[in-house]
Amino acid sequence: MPVTRTRFCPAPSGWLHVGGARAALYNWLAARHDNGAFVFRIEDTDAERVTDESMQGMVEAMRFLGLDWDEGPEVEGPHGPYRQSERTALYAAVVAALLKAGGAYDAYETPAELAAEREAAQREGRPPGYGGGHRNLTDEQREAFLAEGREPVVRIRTPDEGSVGFTDLIRGPVEFAWADIADFVVQRADGSVTYYLANAVDDLAMGINVVSRGEDLLSATPRQLLLYNLLLADDLLDRALADNAYPGRPADAVPPVFAHQPLLVGEDRKPLSKRHGSVAIDEFRRQGFLPEVLVNFLALCGWSYDATTERFTVDELIDRFTLDRVGRHPALFDTAKLRAMNGDRIKELGDAELAERLQPYLHDAGLVDEPALPEQQRLLLGLAPLLRERIQTLAEAEPLVAFCFRDDVVFDEAAVAKHLKGRAGDVLQAAERVLADVGEWNAEAILGALDGVAADLELGRGKTFQPVRVAVAGSAVSPPLPETLALLDRELVLARIRAAQSLVG
RNA sequence: GCUCCCGUCAUCUAGCGGUCCAGGAUACCGGCCUUUCAAGCCGGCGGCGCGGGUUCGAAUCCCGUCGGGAGCACCA
């Protein structure tokens, strides 16, 4: 029984979206669960793209989520290289061998001709796939096409009859009729190879034995299976590997089994894409979602353990995750639930850890230095317990506590209009006086002093606390007042209360 | 058009013939608490797409139907 080897093989797009992240996670979990290996491969066959930068976004997102890879970019490994753009010699050799063995053939139609053929087929209600026009060309015909200046593509000859079946780990038995599967291109006219070929070659060459990917590739599977047969027949792939000095396949390599995950859809039930707004992992990071929550939530998008358990640590996920418990229908990416889970997780964080996780966000908001100054650190630590119940994402802390870090109060006009009126002037005057007299500057004493003001003026807490809150925070919303004031410098508090008295209308 | 996949509360799901007049979570609504905002606690609303079978018994099995999605590229 060979050890489980899974992979994640995105095209480098510069950023990792949540659908890709989930695919990566399921493969990572499947590998970790079995103590297997997780391979990270970059599929840039088509790319005149910026390989380095666009790969960087992927790599960073994977690292943020904690999805480490045993083989792949930056770590390399025994079956590389792990970028398809560095494996072109292999692919060329494989295509040549395929041609020679007869599994593939060269076809000379131009893209325009194919498009016309496709349109005609659609019009007449026939399947739009390749009709097989150049399946059996003679050498004379080939020469004639070449003389016209045509450049051939290479296609795989699919069987005309019979069917292919396989057992999907998630869906069970699936079957396709070969008659429905047209001859497909493995090498373009410019000599580059397509996904089908590169993917099949690499999965085999790297000994990948479990492939979990999106359901959109379910109907591509027969082609993959056919390629595996062709590649394995007469050791075609092994010879290509050896002849071109690529590492051989693992000794116990077996062709992969498949597990097709349901699609992840947006609020409109359409497959997730850029137009759904923030679907990039990095965007969720910026909004203040914790990586362990993202992992937990993504795992739950399609997978479940039992009727009631929803919270899992990463180790628990590794322990419990199996592909056969992945569901079959599309899952909606429900950010409301994500938020709730994130908020729950924040409540579990200790003061020091929450303060530490908050620091980069407040730094980005221009409120805290990097690293935090001792005074800022003290505030962060003191604010952490007050913030914990009030935020669902780390970025939400900023508007609540910005006034603690700023020199000047930024007043919310609506709050001023609502709370700095009527007897607010009396309240502020009295508050300034009693707070100046408070012995020990702590929450308990401050609360007592403010309650005294309320009693003296025969007002409720609401009528006394709100004017003070607006005076100090500039807003009608803040963490609990006495606790927050206690964290601030007394003179600063008094000065703000004094200054606000002129605003009372 | 053809092929394949899918269909339990608004959402994510548990459910693999009786223990389900369907359980949990999120969202929503109401109450309590209350110095703002939250949090917390209590309570509530709400679902097996439809139609036939099979069976003593079906959310669970079969057939059909409707609906949704994907694929049919010199994109991955």
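Just so it is clear, the model here is predicted, and its values are computed rather than measured. Naming: A, B, ... by sequence-line order, numbering from 1 per chain.
Side-chain atoms of A:Lys337 lie closest to B:G24 of the nucleotides B:U13, B:G24, B:A76. Of the candidates B:G69, B:G24, B:A14, the closest approach to any side-chain atom of A:Leu263 belongs to B:G69. You'll find that the side chain of A:Arg223 is closest to B:C72, out of B:A27, B:A14, B:C72. Closest to the side chain of A:Val174, out of B:A27, B:C4, B:G24, is B:C4. Of the listed nucleotides (B:C74, B:A14, B:C12), B:A14 has the atom at the smallest distance from the side chain of A:Ala307. Closest contact between the side chain of A:Pro111 and the listed nucleotides B:C12, B:C72, B:C74 involves B:C74. Distance from the side chain of A:Ala340 is smallest for B:A27 among the nucleotides B:A76, B:C6, B:A27. Listed candidates were B:C6, B:G24, B:A76. Nearest to the side chain of A:Arg171 is B:C6.
Across all strands shown, the partner of B:U3 is B:A70, judged by Watson-Crick or G-U wobble contacts whose two distances both fall under 3.5 Å. Of the nucleotides present, none pairs with B:A58 by Watson-Crick or G-U wobble criteria with both distances under 3.5 Å. Pairing of B:U34, defined by two Watson-Crick or G-U wobble distances under 3.5 Å, is not identified with any nucleotide. Under the Watson-Crick or G-U wobble criterion, with both distances below 3.5 Å, B:C50 is paired with B:G64.
If you check every strand for non-hydrogen atoms under 4.0 Å, A:Arg118 touches sugar and phosphate atoms only. Residue contacts for A:Gln122: at a heavy-atom cut-off of 4.0 Å it reaches no nucleic acid atom on any strand shown. Counting non-hydrogen atoms under 4.0 angstrom, A:Leu114 reaches a base of the nucleic acid. Among the atoms of the strands shown, only primed sugar atoms or phosphate atoms (P, OP1, OP2) are found under 4.0 Å from some heavy atom of A:Gly302. A:Arg155 comes within contact range of the sugar-phosphate backbone alone, with a heavy-atom separation under 4.0 Å but no base atom that close. Residue contacts shown for A:Tyr196 include a base, since a base heavy atom lies under 4.0 Å away. At a threshold of 4.0 angstrom between heavy atoms, the contacts of A:Val153 include nucleobase atoms, whether or not backbone atoms are also involved. The residue A:Ala189 sits close to a base: some heavy atom pair falls under 4.0 Å.
Between A:Arg135 and A:Asp160 a salt bridge is recorded (basic side-chain N to carboxylate O distance below 4.0 Å).
Distance A:Glu215 CD to B:G7 C1': 12 Å, rounded to the nearest Å. Taking atom CZ of A:Phe297 as the reference point, atom P of B:U11 lies 14 Å away to the nearest angstrom. The separation between A:Arg320 atom CZ and B:A14 atom P is 16 Å, rounded to whole Å. Per the geometry, CG belonging to A:Leu338 stands 18 Å off P belonging to B:A25, to the nearest Å. In this structure, CG of A:Leu298 is placed 15 Å from P of B:C12, rounded to the nearest angstrom.
Only the C1' atoms considered, B:A58 is 14 Å distant from B:U8, to the nearest whole Å. B:G23 and B:U65 have their P atoms separated by 33 Å, with the value rounded to a whole Å. B:G47 and B:C37 are spaced 34 Å apart, taking the C1' atom of each and rounding to whole Å. Look at the C1' atom in both B:C48 and B:G15: the space between them is 10 Å, to the nearest Å. Between B:U26 and B:U19, the two C1' atoms lie 28 Å apart (nearest whole Å). A distance of about 48 Å separates the P atoms of B:G64 and B:G30, rounded to the whole Å. Using C1' as the reference atom, B:G46 and B:A10 are 9 Å apart when rounded to the nearest Å. Comparing B:U13 with B:C21, their P atoms sit 24 Å apart, to the nearest whole Å.
A residue-by-residue look at A:Arg328 and A:Gly129 shows that A:Arg328 has its nearest nucleotide of RNA chain B further toward the 5' end. Map A:Glu175 and A:Tyr130 each onto its nearest nucleotide of RNA chain B; the residue landing nearer the 5' end is A:Glu175.
Judged by distance alone, the side chain of A:Arg118 and the main-chain N or O of A:Pro128 form no donor-acceptor pair under 3.5 Å.
A:His329 has a side-chain polar atom (N or O) that falls below the 4.0 Å cut-off from OP1 or OP2 of B:U13. One finds no side-chain N or O of A:Arg339 lying less than 4.0 angstrom from the OP1 or OP2 phosphate oxygen of B:A27. Taking 4.0 angstrom as the limit, A:Arg311 places none of its side-chain polar atoms (N or O) nearer than this to OP1 or OP2 of B:G24.
Nearest heavy atoms, A:Pro12 versus A:Met55: CB-N, 4.4 Å.
The aromatic rings of A:Phe176 and A:Phe166 sit parallel, their planes meeting at an angle under 30°, below the 60° perpendicular limit.
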Protein heavy-atom contacts under 4.0 Å, written 5' to 3' over nucleotides 31-40 of chain B as B (base), S (sugar-phosphate only) or - (none), form the string ----BBBBS-

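For the 3.5 Å distance criterion, the side chains of A:Arg213 and A:Thr221 qualify, holding a donor opposite an acceptor. If you check the side chains of A:Ser212 and A:Gln261, you find a donor sitting under 3.5 Å from an acceptor. Side-chain N/O atoms of A:Glu396 and A:Gln287 include no donor and acceptor closer than 3.5 Å.
For the pair A:Phe297 and A:Phe333, the minimum side-chain heavy-atom distance is below 4.5 Å.
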For side chain to side chain contact (heavy atoms under 4.5 Å, CB included), just list the numbers for A:Asp202 and A:Gln84, CA-CA rounded to whole Å, side-chain angles, deciding distance to a tenth of an Å, and then say yes or no.
CA-CA 8 Å; A:Asp202 289 348; A:Gln84 293 190 331; 2.9 Å; yes

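One finds the CG atom of A:Leu294 at 8.0 Å from the CG atom of A:Asn342 (value rounded to the nearest 0.5 Å).
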